[in-house]
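Take a look at the structure below.
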Amino acid sequence: MNFYKLLKLNMKEFPKKLDPSSFESKWYETWKKNKIYLKQNKNKKPYSILMPPPNVTGILHFGHVLNHTLQDIYIRRHRMLGYDAQWFPGMDHAGIATQARVEKMLKEEHNQTRYDLGREKFIEKVLEWKEKYGGIIFSQLEKLGVSANWDKLLFTMDQKASEAVRDVFIKLFDEGLIYRGKRIINWSPVSMTALSDEEVDWKEVNEKIYTLRYKFENSEKYLQVATVRPETIFGDVAIAVNPKDGRFAEYIGKKVIVPFVGRAIPIITDDYADPDFGTGCVKITPAHDPNDFEVGERHNLEKINTINPDGTMNDLAGILNGIERFKARKVIMQELEKAELVEKVEDYTHNVGFSQRGGEPIEPYLSDQWFVKMKPMAKIALDAVKDDSIKFHPPHWMKTYTHWMDNIRDWCISRQLWWGHRIPIYYTEDGRQAAAKNEEEARAKLDLDINTKLKQDPDVLDTWFSSWLWPMTTMNWDSTNQENSDDDFARYLPTNLLVTGPDIIFFWVARMIMATKKFSNTIPFSDVYFTSMIRDGKGFKLSKSLGNSPDPLKIIDKYGADATRFTMIYLAPLGQDVRMDVDVEAQDIPSIDIGKNFANKIFNACRFLSMKFNEAGDTRAELSQSSKSLADRWIESRLNNTIKEASKAIDSFNVTVYSKLLYDFIWRDYCSWYVEIVKTQFSNNENEQYRQALTTFSIDIFDKVLKMLHPVMPFITEELWHLINDVDDNESISLQETPKENSEKISTNIENEFNIVTELIEKIRQMRASSNLKPSEKVEAFISSIKDKVVESVISNSEVNQLVVSICNLSSFRMSGNIELKHSANDVFRACKLTLELPEKSEEDIAAEMERLQKEAQRLEKQIAGIQKKLSNERFVNNAPKEVVEMEQKKLDDMNANLLKIKENL
RNA sequence: GGGCAAUUAGCUCAGCUGGUUCAGAGCAUCUGCCUUACAAGCAGAGGGUCGGGAGUUCGAAUCUCUCAUUGCCCA
């Protein structure tokens, strides 16, 4: 038993309304000042979480709020469970996004391009930008209350991280797992860089499909060939038909003339040609379509690239030279029409890729790029999930993961950007190459003398190439010699939990597993929690462009961080999307009221306790076992049950259930029932010592539930914990131990007994309400014909009697015989007579009551018929377990008895 | 085209391995209350053939199949 010092505030000082702004930032500052989340304790068991590094350009959105709240909950919970809980934050250099941001600024402020500055100067600019504007998200995360260890913050471009990236590249290159190849990749003509498959969004687009006439050599006869991209005909090298397609058998090997272009190309057979698609003939343009590229590879065809990196047509495109790709389509169609080479034009819906970042249509583009061979990596990564060393929550994501791994394609890692980790490949003038830390090492590797000129590859690496090493680099991994790594490496890796959105399962989660397994021979984390997607009331994803994503900071200002955190968690079921009504006009999310009202409820409960404590005086006593009422023992049982269930929920990653259990306990059990009962217990017993003991006991329950709630609502729990404990500001609830359930206090008997009381009270309240009694009007209540011994003993308890009288505002409550039944009750009281001594009743009241009874009788008759049917079914009686049959029989008896009573009254 | 999920009250969702939490919670609605913390509150009420159909079973919101609708991912 914990003895509480006098609450520091007396009621005059205790604020009437909860004002989160009065303490949220104060407490965060205090936590920071005392460095309570930075301290490591090597005597404790480690628990670690890796923060998905936000982009340097990032600003807080609701996805972050949910994600970081979840991480904070697990970190805080484990800290309170006695672990050395460390949360490693980071920041991502976000190649394309950042470069685009700085280029835009250059354009606007100085009307310059990056080429005007040159590579080195440009990178300086980016770094300047980063210092000035980068990472504002971290101060925003502080508003949310995240207890990360900011001392550990690492930037993906920091030296340590950059060295790891470079060394890993070299290792993979030397192993033959990185190669350079001329491939069709996703090209952004706007950013002028390659993109990985994962950086492309496919959307359905309504376009046209054009059927063109490819005439046979020296003939007016022609083949009809359908295409959606007529502008690429200058790159045509063949027409493919399906080998099984009899219609074209006679033409195979013959040549047709590319319309307008005039070049002769062969007709070939390939399974890729779908007899049912279009005309059955497909033009093969290996430089402009990934499928055509494969056909070209199989048949050893030429690859004619007719498009420039900026999306205009090049000099191989004849008259289209210099024209932008979509304009070129119109131009060539006009020419083809003129030459009567168009058979027909039809509407056509198909999928087109768009850059995830900029939204521009991507171009399948033939170019030299660097790739990582993924098949060997995938195998390692698949095993880690299949053998259960890494668990996904919810587990069904494993299916998506394995599906991707089974169908994995090589990863295009080069980007034609300046901002990022430069590819550590050095070329000699005669075209030899080596991957090396620097020129010196490259020369050594290539066996060259120091005067040989070398050129470093101009490209940088995909941003995710640094992200996949994140579990290692944040732990100060020494990429050349793992033995030399920082202590953190051995202590905190594998981390315990990763919380992330399922949208980056391939980008990041899968690749981290690959890299960590491959280079450190361990897993990066043991559990992965995939968060929900946040949508508005109509089901749209919250996004800036839709205007349906209010600024979380405004929401936090309005409702408080605790309220925001709680609501998000309360509404976000594991593995499903969260829908929250968004008031776009007001940029508001009204449902955050759930958390706000809850915070207010907790606050007021504390206010009540403080008041009673002051009333009782400041000496203290323990509530002895013998002086505990049924309600006291009930709340203890409920508390411990809640602790037990909630712990189970959170340990199995069911945070929503955790929050709901605490919400229900506090609101319903503690506030609605127990606090009301404490009031009567308090006023019915004037013994000072008893009063002190009772308040102490009530506060103790409250203190424990505050600790349970702290991970979800860190600020208000800290504030109230300090109010009831009178501890120094340097101490924190987050460093206290979380309560463990005391199973001795859990008693189903006591809970059942107490349920009889609550049910009785509810019945009386219903009767009062339906009798239109004024709340202030005192009446007598009687109960009789109690068959159940337990019910009888509970009700005859004098404490319970007092309670019922006071809570239901009765003049007296008596057990009595020969009282007419006026109202019926369903459950434990179904066979009891319960009646209120009412003043006079109006005709209307009686009529309304009769109607009610009639309805109730009908309902019962229906249920009885159902049970009778069940019981008369021999197969049920024979097959179902005995208890079930008995239960049904008892139910039937009770219902019949009840029906009888009602009928007597009608 | 392939994969993954979802469909329960007007809205947002609980409901684990089929039978005592079985049809629930919160919001919204209606009625009555400024009752010794809380009107951001309290008490009460109405509201659903658990997406359609079939099957398994003594028994299905729960398991299987199928159809429909919606969303996500991949090609």
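Chain naming here is simple, since letters A, B, ... match the order of the sequence lines and numbering starts at 1 in each. As the structure is a computational prediction, the values presented were derived from the model and not from experiment.
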Next item on the list: Consider only side-chain N and O atoms of N67(A) and Y529(A), and report whether a donor and an acceptor are under 3.5 Å apart.
Entry: no

Determine the Euclidean distance between corresponding [atom1] atoms of [M] and [N]; express it in Å to zero decimal places.
| N | M | atom1 | value |
| --- | --- | --- | --- |
| C16(B) | U70(B) | C1' | 26 Å |
| A37(B) | A43(B) | P | 14 Å |
| G52(B) | U69(B) | C1' | 11 Å |
| U62(B) | G51(B) | C1' | 16 Å |
| G10(B) | G48(B) | C1' | 11 Å |
| A25(B) | G18(B) | C1' | 23 Å |
| G46(B) | A6(B) | C1' | 29 Å |
| C50(B) | G24(B) | P | 13 Å |

Identified pairing partner of [N], criterion: Watson-Crick or G-U wobble below 3.5 Å:
| N | result |
| --- | --- |
| U35(B) | none |
| G1(B) | C74(B) |
| G59(B) | none |
| G44(B) | C30(B) |
| G24(B) | C13(B) |
| C65(B) | G53(B) |

Would you say [X] reaches [N]'s phosphate, i.e. side-chain N/O to OP1/OP2 under 4.0 Å?
| X | N | value |
| --- | --- | --- |
| K601(A) | C42(B) | yes |
| N407(A) | G2(B) | no |
| Q766(A) | A43(B) | no |
| K399(A) | A5(B) | yes |
| W673(A) | A43(B) | no |

Margin query: Using a strict threshold of under 4.0 Å (side-chain N to carboxylate O), is an ion pair present between E615(A) and K612(A)?
Written below: yes

Check: Hey, is E676(A) close enough to K679(A) for a salt bridge, meaning N to O under 4.0 Å?
Finding: yes

Next item on the list: Specify the closest pair of heavy atoms between T696(A) and Q692(A), including all atoms of both residues, with the distance to one decimal.
Entry: OG1-O, 2.7 Å

Next item on the list: Check I589(A) against Y559(A) and note the closest heavy-atom contact, atom names and distance.
Entry: O-OH, 3.5 Å

So what does [X] touch, heavy atoms closer than 4.0 Å: a base, only the sugar-phosphate, or nothing?
| X | result |
| --- | --- |
| K596(A) | base |
| E615(A) | nothing |
| V657(A) | nothing |

Please state how far atom [atom1] in [X] lies from atom [atom2] in [N], giving the value in whole angstrom units.
| X | N | atom1 | atom2 | answer |
| --- | --- | --- | --- | --- |
| I756(A) | U21(B) | CD1 | P | 17 Å |
| D406(A) | C74(B) | CG | P | 16 Å |
| L720(A) | A37(B) | CG | C1' | 12 Å |
| R691(A) | U36(B) | CZ | P | 16 Å |
| D562(A) | A40(B) | CG | P | 20 Å |
| Q681(A) | U36(B) | CD | C1' | 16 Å |
| N654(A) | C13(B) | CG | C1' | 13 Å |
| N597(A) | A39(B) | CG | P | 11 Å |

Notebook entry, point to check: Which glycosidic conformation, syn or anti, is assigned to U20(B) if syn requires a torsion within 90° of zero?
Noted result: syn

Check: Are the side chain of R768(A) and the backbone N or O of N809(A) linked by a donor-acceptor pair below 3.5 Å?
Finding: yes

Note to self: For the NZ atom of K386(A) and the CG atom of L382(A), what is their distance to the nearest 0.5 Å?
What the structure shows: 4.0 Å

Margin query: Measuring centre to centre across the rings, with the benzene-like ring taken for any Trp, is F392(A) within less than 6.0 Å of W397(A)?
Written below: no

Notebook entry, point to check: Between H403(A) and K679(A), which is nearer to the 5' end of RNA chain B once each is assigned its nearest nucleotide?
Noted result: H403(A)

Check: Between V675(A) and L18(A), who's closer to the 5' end of RNA chain B by nearest nucleotide?
Finding: V675(A)

Next item on the list: Please determine, for the side chain of N600(A), which listed nucleotide (A37(B), C13(B), A40(B)) has the closest atom?
Entry: A40(B)

Check: So, does the side chain of E676(A) form a donor-acceptor pair with the base of A43(B) at under 3.5 Å?
Finding: no

